[in-house]
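For ligands, and for the atoms within them, numbers begin at 1 and follow the listed sequence. What you see is a predicted model, and the numbers here were worked out from it, not measured in a lab.
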Amino acid sequence: MVESESTTKVNVLMVGTGEYTTGYVGGGAADSDKGAGVVALTMFDLRRRNKVSRVGMCGVNGKKFAGIRSHMQKNIGDVYNDMDLTCETFPEDTVVDPLAYEVAAKAFYPGDVAIIFTPDDTHFAIAMNCIQRGMHVMVTKPIVQTLADHQKLAALAHENNVLVGVEVHKRLDPFYADARDRARSNLGDFQYMYAYMSQPKHQLETFKAWAGKSSDISYYLNSHHVDWSEWTLAGMARPVRVTATGSSGVAQSRSMNTEDSITLTVQWENLNDQKTLGCAVYTSSWAAPKSDVHSQQRFFYMGSSGEINVDQAHRGCTVATDAAGFASVNPLFMKYTPTNGMFSGQGSYGVRSFENFIDACCAVNAGTAQPRDFDDGSLATVHTTMQGTAILEAGRMSLDMDGRPMDIQYDGNDHEPIAIVPHVFTG
Ligand SMILES: NC(=O)c1ccc[n+]([C@@H]2O[C@H](COP(=O)([O-])OP(=O)(O)OC[C@H]3O[C@@H](n4cnc5c(N)ncnc54)[C@H](O)[C@@H]3O)[C@@H](O)[C@H]2O)c1
């Protein structure tokens with residue numbers, strides 16, 4: 001097979017053409033905090049900066065591409081100078097093909113990169129296909145929905161010697177990264193954590209194609225803080241039991257069969273001599289009112305010798321305009337406002353998350369690094385994120401079994417759970 005054409009640049013295939021990739025939802029811009037999207041804008045900018053070569057985009061319904069192109073022209077091409085929007089698209093404009101990703105992956109080469117932002121239940125099949133073709137793969141959270149699929153993905157990534165990672169950009173947020181370092185250096189053993197993350201209830205409409213059918217709000221949002229815990233507690237503690245509860249009413253009133261909020265209560269076991277216990281409570285909701293932020297996101301962490309609070313939604317910056325009213329803004333995530341006509345968001349963690357992955361793929365292609373080198377916590381690799389998948393799957397299992405606790409089992413390796421089983425009450 002032909003190898004990727006260069007070791008200093010890579011070709012990129014984006015799979016998924018929706019809100020996070022292009023900002024295009026249905027008939028136009030997403031009613032969210034990212035009308036210009038994140039992935040395509042970042043890839044065009046990386047191409048402008050000579051890190052990316054070919055750019056491709058693959059969806060299911062080719063008839064959407066005319067709208068997507070004009071949306072990107074309006075939100076990217078007309079906003080920033082020197083932004084080339086050239087992009088190969090799959091399937092063709094008249095074709096609807098749920099397997100277009102197979103055709104698209106064949107148009108790329110081993111060593112190229114696939115970036116997958118599609119509905120949660122499609123990640124596994126698309127990622128397996130791209131890995132089998134020797135591509136490096138970055139998948140949005142949740143990487144997959146079951147521990148068994150995660151294990152298969154990790155095995156195939158290892159076999160093909162490619163880099164497979166999860167896009168969890170909060171790891172690049174300076175506040176979250178600093179909280180992690182503090183927790184690991186001087187807050188002692190894990191004691192307690194609560195995390196909350198929300199979406200406004202009008203997003204139920206945006207997500208109606210999959211909400212309650214193929215995924216839920218816990219997979220969608222708890223995945224962020226669950227990942228922060230796994231990253232922070234690596235080598236310090238491991239999750240051993242998950243109990244989930246939900247609330248209902250808002251989605252049901254819109255004929256959607258899904259929970260409005262989901263709370264996962266997770267028992268973590270410290271890897272100290274006494275095997276002391278810590279408890280984390282992760283809540284996510286898509287029944288929130290419209291407010292000054294699109295998404296509330298905050299957590300409190302307590303160790304045996306200290307605690308820390310992070311409010312990711314309120315960074316001390318508010319904006320009010322006649323057009324859009326009052327808002328708390330977070331340019332640390334995506335800085336969309338141009339500087340002298342140029343895109344200037346390269347320091348934002350929404351962008352850096354992708355750039356770090358692209359740099360790592362270039363290093364692997366150049367032979368200066370091996371995929372497993374990034375298992376040291378510098379990237380969220382498929383090999384170091386299995387606990388997170390186990391927690392999310394155990395949460396879904398617990399909800400489906402009327403709140404029964406689920407045990408996460410290990411076999412010698414604290415990073416890689418081997419199974420999830422319903423808890424058996426004794427005594
Ligand atoms: N929207 C966000 O803010 C956000 C943020 C981070 C991560 N994500 C994640 O990104 C993923 C997609 O989210 P989104 O908001 O962009 O969704 P979306 O519904 O706006 O878009 C989904 C896209 O996937 C495509 N798709 C579906 N099945 C496909 C297939 N078989 N092959 C190729 N493409 C296929 C659809 O055509 C559509 O373009 C989800 O896993 C979500 O958790 C979203």
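- By heavy-atom distance, the residue among Leu99, Val60, Asn129, Asn61 lying nearest atom 28 (N) of ligand 1 is Val60.
- Summarising the contacts of atom 32 (N) of ligand 1 with Thr206, Ile126, Thr122, the nearest heavy atom is found in Ile126.
- No donor-acceptor distance shorter than 3.5 angstrom exists from the side chain of Lys63 to the backbone of Phe65, with no hydrogens or angles considered.
- Aromatic pair Trp228/Tyr282: centroids not less than 6.0 angstrom apart.
- Residue Phe117 approaches ligand 1 through these ligand atoms, each under 4.0 Å from one of its heavy atoms: 7 (C), 10 (O), 11 (C), 12 (C), 23 (C), 24 (O).
- Residue Tyr24 has no nitrogen or oxygen atom sitting less than 3.5 Å from a nitrogen or oxygen atom of ligand 1, judged on distance alone.
- Considering every non-hydrogen atom in both Pro239 and Tyr410, the closest pair reads O-OH, 2.6 Å.
- The contact set between ligand 1 and Pro98, taken as ligand atoms under 4.0 Å from a residue heavy atom, comprises 30 (C), 31 (N), 32 (N).
- For ligand 1, the polar-atom distance check against Glu19 finds a nitrogen or oxygen pair separated by under 3.5 Å.
- Residue contact check: Val15 has heavy atoms under 4.0 Å from atoms 33 (C) of ligand 1.
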Exercise. Can you check side chain to side chain contact (heavy atoms under 4.5 Å, CB included) on His224 and His169, steps first, answer last?
Worked result: CA-CA 9 Å; His224 284 295; His169 46 255; 4.1 Å; yes
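- Using a 4.0 Å cut-off to heavy atoms of His123, the atoms of ligand 1 that qualify are 41 (O).
- Side-chain contact annotation: Asn365 with His136, donor-acceptor N/O pair under 3.5 Å present.
- The minimum heavy-atom distance between Ile391 and Val242, with the atom names listed, is O-CG1, 4.0 Å.
- Considering backbone and side-chain atoms together, Trp210 places no N or O closer than 3.5 Å to any N or O of ligand 1.
- Counting the atoms of ligand 1 from 1 in the order shown, those under 4.0 Å from a heavy atom of Gly59 are 33 (C), 34 (N).
- Of all atoms in ligand 1, numbered sequentially from 1 with element shown, those under 4.0 Å from a heavy atom of Pro119 are 22 (C), 24 (O), 26 (N), 27 (C), 28 (N).
- One side chain, Thr263 or Thr283, offers a donor N or O that lies under 3.5 Å from an acceptor on the other.
- Tested against His314 for a side chain to side chain contact (heavy atoms under 4.5 Å, CB included), the candidates Val293, Asn330, Val329 yield a single pass: Val293.
- An N or O contact shorter than 3.5 Å links Lys141 to ligand 1 by distance.
- Close approach to Tyr101 involves these atoms of ligand 1, each under 4.0 Å from a residue heavy atom: 32 (N).
- Paired with Phe299 under the rule ring-ring contact (aromatic ring centres under 6.0 Å, His included), one option of Tyr194, Tyr176, Phe175 passes, and it is Tyr176.
- Residue Tyr220 touches ligand 1 through its side chain alone, judged by heavy-atom distances below 4.0 Å.
- The residue from Thr118, Ile68, Asp121, Val38 that puts a heavy atom closest to atom 12 (C) of ligand 1 is Thr118.
- Checking only distances, Val25 never comes within under 3.5 Å of ligand 1, N or O to N or O.
- Thr321 places a side-chain N or O within 3.5 Å of a backbone atom of Ala324 that can act as its donor or acceptor partner.
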